[in-house]
Structure formats: structure tokens, C-alpha cells
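Predicted model, so just to flag it, every value in this text is computed and none were measured.
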Amino acid sequence: MMDIFQALQDKVESERNTKGRAIIFWYDPNAQVELDELRLNFSPDYIEVRLLTNYNFFRIKIDIEIKYSDKSFIVYAPFARPADEYNYLLDSLLYSTEFKADEVAVFAEQLQLDDHVIRPLVEQYPIFFRSKERIQKLKRLLPVKADRHYLEVAIAAVSVGSPSPSIPDLTRFLLVGGTNESLNESYKNVDKWFSIERVWDMICSYFGLPHQPEDNKLQWLIDTLIYQHFCINAQIKGWTYSDRWSSSLPNICALFIEDWFRESDDQVTILEQFIGEFELCYSVANLLNALSLEAFEKATTLPIIDVLIISKLADELQHQTADLTVWMERIPRRQQTYWGQKENTNGTYQTLFHIVQLSMYRKQWKKHSSFMVSWQEMLKGYAEVYYQIDQHYRQMMQAFIKLNGRDALQPVIEQLTNWYENVYLSWIADQVNRLLSIEPISDGRSVLSQRRFFSDVLRPLLDKEQTKIFVIISDALRYEVGQEIANKLNARINGEAAITPMQASLPSYTQLGMASLLPHKELTIEDNGTVYADGLSTRGMANREAILKKYNQDAACYSLHELMSLSRSDAEDRLKGKRLIYLYHDVIDAVGDTAKSEQETYEAVDRTVVALEQAVERLSRLQAKRIFITADHGFLFQYNKVEANAKVDAITGQVIDKNRRFAVGQQLTVPEGAAKLSPEHTPLPCEVVIAKGLNRFIGSGGLQFIHGGAMPQEIVIPLIDYRRTEKAEDVQISVAMVDKIITNGRFHVSFYQEQKISSDFLPRQVKMAFYHGEERISNEMIQTFNSTGDAMDRNIRISFILAERYYKMGESCTLKMETLHDGKAEVYRSESFTIRMYEALY
């Protein structure tokens, strides 16, 4: 009885809230309550309870409509509601409300359903309605005045634990419980509380499944859905199971799996298990191996597809039969798929991407050999073209060593390493040796000299601007790494970076490079190896700061790590009143110059790229508007063991300083495989001998990581000029189609990126899908528009699949696009499309 009184209380509250007063008629032919009991549950100050008889209807009417027109009433009649023609209070009843107190009526009241909708289902599935908890869950899922179909779906959803009354969601939650029907609790709950046969009718109708097997229905269902998703982008004919897994609505099936891939990790893990079992149970690898790659390369359902694609590319690369241009398009596309984004698979594709890039340069590298005619042409050519070989080789090797299971790529890695070290680097070394013998190194004719960095770059800025200038000097930051950093900085929303090649002083080592970046007219060196600028020691930050202060009293030197570790207020105090700040960073050289750790050189490069990005971010927050990033020298790195013929006898004489690649001093020997620099080659007023080409002097120190010589990898260093700017805009995207008409359930939409990526325009990541009203009717795609190419290269086609349903000829749907920023979606734009299905597809 408490449930009835609670239902009545809810009715009163609803009427008072919506109409200001409640007038409720309760016809109770079973006389379930006593009048006193009813009055006991409702205070007369809150609502007046009146007993209706055959003799007091007129008085009640006067009280309700005239005498107490602002008061609430419950009119209780212990008899059935009279026929309308005999009901003397019909007019009052019509503008008030009626309360029905039998169990089904209570459910109808609670769930805001029409009696004729819920009554047959309560009678058909009484066990479901015996639980208050299930009824409360059902109430949360139902809209007002839901129809019978919606109610049935909602009951099924509650039974399986689905959070929404949709057939895709209840299907997913049913499958999450596993395909063993005797162990699947959701499946057993449906059978206990609702009807498993009715749920199967719903599922089969929704997914267009023409028949059901006798047993293992859940296994058949997931297999069918996986197969249909696979077939959307694969050309499979005559497979044994095709008839068993047929569907008249394949797009609906595919969309279900597509959406499941975007669910929470725990649910996606279950889908992954289903897919793994599907591959093994039905020998998918054997099926695909019998097909051409083109038949299934665009399918995204199964991880075995990526295994086969990677295996094929590795084989083609090893035998040099790969169409590199095709693979350059194929690899990024595979990286965007669900399985392609998995860490090791993505890392493998990343490795392959750089292998393909390097292979393309390998094919055409000698076409640019003319840049070796002079130092000027060599340094310029390296900064424009050849640095990319070093960059892709480094990125390839760094991606490769992070992989789990490298056997498949090992042969092609060894092949390219052999080419890189024994052909490419050796060829450049020969050119450098030749140029050293015929002319001095270019002194700024085409490439800025490191020795003129302060006079040509910083001095003019300090003279004409009042802004703070930061100079980050990262030890051994070679040019190709600087290019990577500049590209990353240009992707920031409030800055732009320009990179210029700068020629390091010879020999290319830290003491001389650091000194060259300071203001000076003349550099000298003492017997202890200390380089002096105009008579002042350049060893250590304190001495360097003193040299800077001689030019500008508001200068300072700090360790980059030290400054980054300070709180904002402490950093601001440290920088207050400063005009010129040199920040020193040492990660690459610290790792590479030690024999025990030199194998970690490329990892140190990765850490450096991250650290310098973070430094620019931190300095920008400290209101830095001008930041330069440069280096003292670059480096060479070789993975393979250095052969004996690359080792040169150690230099003897009055040696002041040396490493594996150089020595400075007086009366130095020049062993075979070495060269003495002419005075024009070096700013040091002493003898300098360097190892030719890739040679190393016998002595202590590592053999893989080297610098000090004249190879472009050692002497071409970056000068990055980063400026904080106003916030850049995202590129604009438009639909590049004159006729926006859909004539097929699987179709392409052409998009045009209106601006190329630059300091003014940033990449835009867009989530897009087709909608009919508020209902999504297509797959959801995420695409990053980040082209730096010319207008003709900024078109892209994206594939969509439309859910099968009846569409009226000429009916409209909307392509909705949202911009994704830090995982948050913002409405971007929408485009209207017309549906004209000329063929009877559905």
C-alpha cells in the first residue's frame, strides 16, 4: 500500500508543480484503502481529501471550483468510474487528473507511459516488474509516452545492463558477457526477466540477419558483425563462411564494430579478444595470403592485416622491389587505423616510414652531387637536402631499437646501415677531403659563420630592440635535429621558428664552439686547452658571463636545467632586469662523448628535442619574445663497429687539446689519414690537425659518437630564431564538391585545406560524421589537416558508410564537423547533402 500512497504523492507533487494546485480523482472499485488511512497520509494543510458518494457530488464541485478554488483536492471514490454520460463531475475531471491505483497503473504513472502500452508487457513479463531497482533503471531510460517497441528495447537494455535503450548498446553489453550462453549472466538475465527470443528478433531485424543458427548464437552474431566490418573495405569472394555470416544491412553491422572500437578500454579489450579468436578459428592469415595486397589493404578490422602488410613491405624493401611512392601513402593511412595506432605496430610503421624515405634518397642521392664543387655549395646543399638523410637514418634507428621483435626488419636495417655508413658517409668524406686540400672553408659567403653569430645576429638586435633575448646553446645539437625542433616549434599556437644553417668553427669541439658564440675579435688558446676571447677565459659559465657583461652589463649565463627547475617567481626574479641571457644545455654531448654511453646517442637526441620544446614553452610563459637555439658543434654517429682501417695513429708533438677527431698544439705530426688545417680553416693561432673523412685517432674515448672534424654533420649547426607571436589560426576546411549528393551507401567526400601550414595557420583535427536530425547515420571519422603543400596538393578524400534504412528520394542529411583541441570537441561547421539512392540498395 505504501507504493500506492507514494505514487499518489508523486502525482500530487507533479500537479502542484505544473498547475499550482492539484485536483486528483481516484476511482477505486476494490476499495483498497480506508478514508481515514488516506487522510492520515496527507495533511489537510497540504491537500484536502474528500470522499465522493452518490449524494455529495454537487457540494464537492462547489468546494473545488468556487469556495476553495486555490486549494488542492484528492477526491476518493470507492467505486468504479461512471460512464461519462452519468458522471456529474466529468467537466471537473477533464481539466484535472485521474489516479489509477492497480499495480499496472502505478507502473504507468511511475514510467509516464500509456496504460495500453505497458499493461500487456507487465502481464507478459511479470518477473521483470517485481524489482524496484529494475523499474527505477527503466524509468531513467524511458522518455515520456514511449511506444511499445521503445519500452521493449528499454526492458532488454536493463536486463543486460546497457546504459541506453538502443539495440547497438544492448547488443554490445550482451556480447561483453562472452559467447558461452550458459555462463553469460546478461544472456541468462534476459531469459529470466524478459524474452531471449524477442531480443534475438530485435537484433536480427536491426542488423539485417536473415536467419539464426540452432546453437552458439552469440558466437555466430559476433562473427557475423566482425566479418561484415571486414568486408566493407576488403574484396573477399567465395569464403566458406560467407553465406553463414550474411546480412542485408552490412553498413549497420560495420558501424557497430566501428563504434565499439571507440568505447572504453575494458570493452575494447573484449572486442580485441573476439577478433583474435576470429583470426585463429577461421585461418584468416591463410585466406589473406592467397590474395593480393590490394584486395585487403584498406580493411581495418583485423591485426593480421598489418602483420601481412608489414611483412610484405619488409620483403620488398630487402629485395628493392617496393614501389616507394605507393608505400609513402599507404603507411600513414595504416598508422591511423585502430590496430595501426597500437604502440609496437605504430612504431614498426614509423620505422618503415623512415626506411622508405631513406630508400627514396638512396635512389636519387647522387643527383645532387654537384653541391660538392666547393665548400660554399657543399654547406648550402647539405642544409637544403642532404641533412634529411641523416635525419631519417637517425629517426629510423631510434624507432627500430624501441621495437619488440625486430627480426623482420633486421635485414633491411642492416642493408641501409651499410649503405649509409659505407657508401653515403664515405662519399661525403671523400668530397670533404678533396675540398680541404683545394680551398679554405667558406667564411660566410653562403652560410653564417659561428664566429660572427654575436656580431651579425645579436649585436644589431641589442642595439635596436629593448626586448629580452635568450640564447640556448645545446651541446652537439646538429643541424638535422635543429630542423626537427623548428618543425615542432612551428606547430605551436603562439610562435614561429625560422632555421638558418650556421658553420661551426674548426676543429668542431666544445671549447672552441662555445668561445666562438661569445662576443670577441680574436680567439687564442693556452697550454691548458682553455680558449680565450680577447684575452678572457671562456671556460665555465662565470667566465662566459663576464665576457657578455663586458659588452652588455645586463647579460647573464645559466644552466638551462637550473633555470627550468625554478619556480615561476624565482625564475622571474633571476631574469629581472636582464637583456641577454645565455642558457647552456648538455645532453647529447654528455652521453655521446663517453664510451660507456655513446650507444644511447639517439635516445639523448630524443630527450633533447623534448627538453628544448619544454624550455621554449616555459620561457614563453615567462614572456620571452625572442629565443635563439644553436650549438657549439654537431656530431657523427655510426652503429657499426669501426674497422681498423678507419683508425689513425695518434698525433704527437706539443698537444694542447685533442679527441678522436682532432688535435691542437705546436709541432704536431700529421699521420696518414689526417690533414693539417691551413690558418684560413681555423680561428685558433696554432697548429690544428684533424682526421680525414670518417677516421678516428687511436686513443681514449668512444668510437661511434665523434666530432671535431670537417664533415657537414659536424660543422653545419642550426640557428633557430623563435619569436612569440599572436595566436595563429587553425586552417580552414571546406567540402570540395559541387554537387553534394549521396547516391550510394559507401561514398567518398572530398575536402580542401584552404591554407597551408605556416606560422599563421596551424593544423586542424576534425571529427566528422553524417546526421539525420540528431541521429548519427554514418561512421565517425577523425582527420588531421596538416598539409604544407601547394593548393593542388591540399585535397583529401575520406570514405564514409551510411547506415542502411529507408531514405526518401531527395531527403537531406548533414555532415557535421567538430574541431578537436586537447581531446575536447568544438562545433566547427556543417554541410547539407541530398540523398538520392537510385538503386534499391536497402
Side-chain angles (χ1 to χ4, degrees), residues 313-325 327-328 351-375 377-401 409-437 478-481 599 601-602 634-648 660-661 673 675 690-696 703-707 709-716:
L313 176 53
D315 182 71
E316 289 183 0
L317 287 168
Q318 185 178 351
H319 295 92
Q320 299 184 35
T321 59
D323 186 330
L324 301 176
T325 303
W327 282 105
M328 281 294 294
T351 306
L352 286 167
F353 179 81
H354 294 300
I355 289 175
V356 171
Q357 287 272 30
L358 201 57
S359 298
M360 293 178 79
Y361 280 106
R362 180 183 180 181
K363 277 190 171 184
Q364 47 188 274
W365 65 290
K366 281 197 173 181
K367 290 182 181 179
H368 299 280
S369 59
S370 60
F371 84 80
M372 293 297 186
V373 172
S374 66
W375 280 111
E377 292 300 317
M378 186 191 78
L379 297 176
K380 180 182 177 183
Y382 180 81
E384 291 178 352
V385 178
Y386 273 65
Y387 78 88
Q388 295 174 84
I389 294 179
D390 296 302
Q391 186 179 75
H392 285 298
Y393 179 76
R394 171 180 62 82
Q395 292 172 335
M396 175 191 77
M397 293 304 297
Q398 185 59 7
F400 176 68
I401 62 178
L409 300 186
Q410 188 71 42
V412 71
I413 290 290
E414 291 176 355
Q415 191 180 86
L416 282 172
T417 295
N418 179 64
W419 171 81
Y420 174 76
E421 295 188 358
N422 299 323
V423 180
Y424 165 69
L425 289 181
S426 295
W427 175 74
I428 288 186
D430 290 343
Q431 308 307 312
V432 170
N433 293 339
R434 179 178 59 82
L435 291 173
L436 277 174
S437 67
R478 69 182 184 182
Y479 183 76
E480 58 91 359
V481 183
Q599 290 185 346
T601 294
Y602 286 167
F635 68 87
L636 268 168
F637 184 82
Q638 292 177 263
Y639 265 97
N640 285 340
K641 182 179 178 181
V642 177
E643 300 299 331
N645 58 10
K647 298 176 184 177
V648 177
R660 288 283 196 173
R661 292 280 284 164
I690 65 171
K692 286 184 176 180
L694 303 175
N695 293 338
R696 283 91 159 148
L703 289 170
Q704 292 176 289
F705 175 92
I706 54 172
H707 61 85
M711 291 285 282
Q713 292 86 349
E714 299 170 284
I715 66 170
V716 180

Looking at residues at least two apart in the chain, or sitting in another chain, which of them share a side-chain hydrogen bond (donor to acceptor under 3.5 Å, both in side chains) with [X]?
X: E480; result: R394, R478
X: Q320; result: none
X: D315; result: H319
X: H392; result: H354

Does a side-chain heavy-atom distance below 4.5 Å link [X] with [Y]?
X: I715; Y: L379; value: yes
X: D390; Y: Y479; value: no
X: L436; Y: K692; value: no
X: N422; Y: T417; value: no
X: L409; Y: L317; value: no

[atom1] of [X] to [atom2] of [Y]: how many Å apart, nearest 0.5 Å?
X: I401; Y: Q599; atom1: CD1; atom2: CD; value: 9.5 Å
X: T351; Y: Q398; atom1: OG1; atom2: CD; value: 9.5 Å
X: I428; Y: I389; atom1: CD1; atom2: CD1; value: 6.5 Å
X: H707; Y: F637; atom1: NE2; atom2: CZ; value: 13.0 Å
X: L416; Y: S359; atom1: CG; atom2: OG; value: 4.5 Å
X: L358; Y: Q391; atom1: CG; atom2: CD; value: 11.0 Å

Pick out which of L352, V412, I355 makes a side-chain contact (heavy atoms from CB on, under 4.5 Å) with M396.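 Option passing the side-chain contact (heavy atoms from CB on, under 4.5 Å) with M396: I355.
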For [X] and [Y], indicate whether the former's side chain and the latter's backbone hold a donor-acceptor pair under 3.5 Å.
X: E714; Y: M711; value: yes
X: N433; Y: A429; value: yes
X: E421; Y: Y639; value: yes
X: N695; Y: G673; value: yes

Check step by step if side-chain contact (heavy atoms from CB on, under 4.5 Å) holds for M397 and I413. CA-CA 8 Å; M397 293 304 297; I413 290 290; 3.8 Å; yes
Please identify each residue that fulfils side-chain contact (heavy atoms from CB on, under 4.5 Å) with L703, with sequence neighbours left out.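 By the side-chain contact (heavy atoms from CB on, under 4.5 Å) rule, L703 matches V642, K647, R660, R696.
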Checking Q357 against Q395 for the side-chain contact (heavy atoms from CB on, under 4.5 Å) test, could you report, in this order, the C-alpha distance in whole Å, the side-chain angles of both residues, the deciding distance, and whether it holds? CA-CA 11 Å; Q357 287 272 30; Q395 292 172 335; over 6 Å; no
Smallest separation among heavy atoms of I690 and A710, with atom names: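 In terms of heavy atoms, the two residues are closest at CD1-CB, 3.9 Å.
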Looking only at heavy atoms, what is the nearest atom pair of E316 and D323, with distance?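 Of all heavy-atom pairs spanning E316 and D323, the closest is OE1-N, 4.3 Å.
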For M360 and K363: C-alpha separation, side-chain torsions, deciding distance, then whether side-chain contact (heavy atoms from CB on, under 4.5 Å) applies. CA-CA 5 Å; M360 293 178 79; K363 277 190 171 184; 5.9 Å; no
Return the set of residues passing ring pair (Phe, Tyr, Trp, His ring centres under 6.0 Å) with F635 (not counting sequence neighbours), or none when no residue passes.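 Listed in chain order: F705.
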Only one of W419, Y420, Y361, Y387 clears ring pair (Phe, Tyr, Trp, His ring centres under 6.0 Å) with Y393; which?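 Answer after filtering W419, Y420, Y361, Y387: Y420.
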Run the side-chain contact (heavy atoms from CB on, under 4.5 Å) test on R362 and Y424 for me, step by step, so that the C-alpha distance in whole Å, both residues' side-chain angles and the decisive distance to 0.1 Å come before the verdict. CA-CA 8 Å; R362 180 183 180 181; Y424 165 69; over 6 Å; no
